[in-house]
Every structure is written in structure tokens, then in C-alpha cells.
There are 2 protein chains.
Amino acid sequence: MSADIALQNEIFAARRLHASLTFRTGAPDGIAVIDRVGTVVTLKHDEALFREGDPADRYFKVVRGAVRGCKLLADGRRHIGDFFLPGDFIGLDAAETYGFSAEAVSDITIIRYARRKVEALAWQEPRVAKSLVKMMREDLCAARERMTLLGHLTAMERIASFLLTMADRTGDTRVSLPMTRTDIGDYLGLTMETVSRAFSRLKGDGVIEQKSVHEVVIVDRDALEELAEVA
Amino acid sequence: MSADIALQNEIFAARRLHASLTFRTGAPDGIAVIDRVGTVVTLKHDEALFREGDPADRYFKVVRGAVRGCKLLADGRRHIGDFFLPGDFIGLDAAETYGFSAEAVSDITIIRYARRKVEALAWQEPRVAKSLVKMMREDLCAARERMTLLGHLTAMERIASFLLTMADRTGDTRVSLPMTRTDIGDYLGLTMETVSRAFSRLKGDGVIEQKSVHEVVIVDRDALEELAEVA
DNA sequence: CGCCCATTTGAAAATAATCAATGGAAGTGG
DNA sequence: CCACTTCCATTGATTATTTTCAAATGGGCG
């Protein structure tokens, strides 16, 4: 049936795309092997990959779109711990159960791996084990960076850092922000309003240009780096 | 010579102590093996184990005392990413170089491991590799918890969480705080003054009692948990 | 075309930071 | 052993940043 063919094409496209992204982000080559035990899946906007507390029997890799990892606090406040973008792995930190929920920010394509199979592969192939450990190390370093940001930077410094990080991921001055202002706020420990005001000010100062709500262009990178000047 | 004997005693005592702590904190038993490739070292108050940017060729484990892991920001602000207490490993997240400086908060005893040797051991003994990965996973989860704290909790909530965490580590209502108020502030993303005021308020409300500046007793744990009510 | 939801903008309120002064304990040196 | 010094903690008053509350704007989708 043509639906099957379309699906096959989607899968091949996803694999190609994801392979190129793996290369781009400099992910260790040992990791490509594990895709053989993965399944390509697509999810729509706001659907959940898993919820905090679910048994953690799967890993995921983002191929297309963006995923947010979030925790709900007792009084309803929401914290977003990470935005996962193409090439990123999800779930490496989980023990028995997931420590946060993962939701599709946009329509997404992901690869889903049975944890069991990945671990079996890691035992067979030391390269795979090494790659997984390396990714965990990178995640830890990133987490420490973000702690500094959340603990000690002003609103403007956080926004500037965020924009620079997003820009570095695509290697382009054109930055796509698929998430809402509220998402960004929950990610940076700010309110939606503060995020919006910071964007407006950057726009007013000619540092960025807004193509649309979800797409900005960095006009003056030096100014952004000045604002984010940390570490 | 008697100095040698004293040193030997110190080392044995440190190993015993550390073994018991390993047990208490539920650290995987596979880890005890690696102590055979470690060296016991003592450092005085404020001495550095290593500095941010140093080649990361060693791991450490705290046996006695406390260590702070800190980053210096461009403008002089300081962020403390972690307090390492007895039983804690330091350096697992480092790639080529350390991502933060580690300094003795008090006089400390630590075990120092050549990274090369630990890694060799991990290849020989799958248990060791598993333990190291498990510790990294726990570190990652802890880092995510702290992000939530730094991003979304009020000053009082942060202090309450901090006290509860410290109390849980010793399993006692009597909590030792070897670090300064400034250290605590840099750890929680607050100023020394805010930390001090929060302590005063808790004292005034009869939630805690101060035996000395560096030792508090938790009188009303429920109240603290109420104040920290999160996740 | 019109509705709905996210974003933007404005004004007021709250929290924590900063500035400033005092108090106290630990350590130093005579 | 005591006095002195220094550093850290506490407390108070003021300021600044961000949040909260509220209203208006605008873009996307049915």
C-alpha cells in the first residue's frame, strides 16, 4: 500500500537526516550502531514520550523537531530541565523510573530504543558503551553550566546565553524557537512576561530581528556575547 | 618511625570510615575495589584539590570533611555547583579538563585515584564500570533537582530544601554546616545576607535551633518540609 | 471572517540584592 | 594569657529587579 511506502520513505529520510545530524554534532561514531535496534516514531505537538514516574525502559533520540523535559512542582509551577533537539539522546539519566516528563514541543520524529537492547549492545560493543558514557558526561557538564545560569545570571544574561546556545546548535544566525515564551520562561527560571520584555529590548537595541514569533535572527552577536559575558 | 605509624593509622582509619560511609550511602559495592588503586591525602581548609581547566587525570572521593566545587564568573561572581561530603566522588563528569575548581571547605581527608588506573579497572571488572555509570546517573538526577531549585524556588524554599538534604545525608536532626554563609549563598543562588535572614527567621519560628554558627538542630521537620514543598 | 490563544505592553507589588553598620568568635602575636 | 586584629555573621534601611496583575494587540486556524 502507498501508505506503507510513504512510511518507509519517512523512515529512510529520518535515518538519513539523523545520521547527518549525528555527524554534525560530533556525536561519537560508536553510537550509529545502536540505531539498528531503534524504531522511528512520529508524535504530534504536545504528545508525551513518557511521564515522570513511568518505568524507564526506553531511550529516545530526537531526529526532527524539539522535545521538552519537564517536572511539575507541588503548587503547579513547572520547570523545564532541557530542550532536546535533533541529535540529542533522552533518558540516559533514568534509573528505575523517569525523573521528568518528555513532551513534543512541535510535531516530532524520534527514534525509540528498548533500553534492554541498547544495554546488550553496549556489552558487546565497547565503542557503544564509551559513547553512552561520553554522552552522560556531556549532559552532566551541560547541567552544571545551567545551574550557574539559573543561580547567578540576570534575566537578560539568561536570555542572551539561551539565544547564543540555540544559535550554536544550528551554526546559523537564524535561530528557530519552536517553543512558547512560557516554555522559555520555565526553562530559564523566568516568567513569560520577563522573557517577552527581554526579547523586545533586544529587538529595540538592534541586537536581534524577529522574522516571526518563533524565528529570530541574530544581528549583533558581539552585543549578545557582551550581555551573556560569563565564565 | 612513629610519623609513619601515625600515617598508617590515619590511612586505616580513613579506609574504615570511608567503607562504612560507602555502605551507609548505599554506594554500589563494586566501588570498594577501586580503593586499592587510591592514595589517602589530607588537605587543609581552603586548599585546592584542582582548579577549573586543569588536566583531569584524577578522581577523588571524600572521606572526612567537605569539599566545594566552584566556578568563577567573568565579573567575579562565584557559583558553587556542589558540596561534596564523605562518600561522594569528584571528577566523574570531567572530560579533558576539570569544569570547576574543587576546594576544601574544612580540613579534609580524601582518596585520590589516577584516572588511568580506575579506567583500567573498569575494563577488567564490569562491576566497577557499572558502579561508575550508576554514580554518574545519580549525579545527573541530582543536578536536575538542583536546576529546579535554582530556577523556581523562593529563598526560603531553597534554604529549607538545603537543610533537609543535609539532614538526610547524616540521618540526624543535628546538621553540621562546615561552610560559610557566603558558600551557602553561592550554592543556592542567594546572597549571604538572604541566607542569614532565612536562618534567623527559622530560628525565630522555632523550626531550627542554632548550637553554633556551623551546627543547627532541626526542631520541627514538618515545618521545614512544608516550607520546601516541591516535587 | 471571526474567534482563540499566545504575545506584548503597562502599572503595581513583592522579593531579594545592595549598601551600611554592628556584633562576636577564632586566631595571632606580644 | 591577654589584647588585638580580622573575618564572618547578623541586622537594618534602601534600592533594584523581577513578578504579578491587568489590558490590549496580533497571528493562525477553523
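Residue numbering restarts at 1 for every chain, and letters A, B, ... go by the order of the sequence lines.
- A/R201 places its CZ atom 14 Å from the P atom of C/dT9, with the value rounded to the nearest Å.
- Each of A/T154 and A/S212 has a nearest nucleotide on DNA chain D; the 5'-most of these lies closest to A/T154.
- As a whole-Å value, the separation of A/H152 NE2 from D/dT17 C1' is 17 Å.
- In this structure, B/D183 places its CG atom 9 Å from P of D/dC8, rounding to the nearest Å.
- A/E157 places a side-chain N or O within 3.5 Å of a backbone atom of A/T154 that can act as its donor or acceptor partner.
- OP1 or OP2 of D/dT11 has at least one side-chain nitrogen or oxygen of B/S200 nearer than 4.0 Å.
- Of the residues near DNA chain C, A/R197 and A/H214, the one whose nearest nucleotide (by heavy atom distance) lies more toward the 5' end is A/H214.
- The main-chain N or O of B/L188 is never found under 3.5 Å from a side-chain atom of B/R146 such that the two would form a donor-acceptor pair.
- Here C/dA16 presents its C1' atom at 8 Å from CG of B/L190, a figure rounded to the nearest Å.
- Across the protein-nucleic acid pair, B/I184 atom CD1 and C/dA16 atom P stand 16 Å apart, rounded to whole Å.
- Of the candidate nucleotides D/dC8, C/dA16, C/dA17, D/dC8 has the atom nearest to the side chain of B/T180.
- One can place CE of A/M192 at 16 Å from P of D/dA24, the figure rounded to the nearest angstrom.
- A/I110 pairs with exactly one of A/T42, A/L49, A/V63, A/D88 by the side chain to side chain contact (heavy atoms under 4.5 Å, CB included) rule, that one being A/L49.
- Here C/dA17 presents its P atom at 15 Å from CG of B/D75, a figure rounded to the nearest Å.
- The side chain of A/Q210 contributes an N or O atom lying less than 4.0 Å from OP1 or OP2 of C/dT8.
- If you look at A/Y113 and A/Y59, their ring centroids are not closer than 6.0 Å.
- Rounded to whole Å, the distance from CZ on A/R181 to C1' on C/dT7 is 7 Å.
- Note on A/T194: a base of the nucleic acid sits closer than 4.0 angstrom, heavy atoms only.
- As judged by a 4.0 angstrom heavy-atom cut-off over every strand, A/G185 is placed among residues making no nucleic acid contact.
- Remark: aromatic rings of B/F60 and B/F89 are distant, center separation not under 6.0 Å.
- Note on A/S196: every side-chain N or O is 4.0 Å or more away from OP1 and OP2 of C/dT7.
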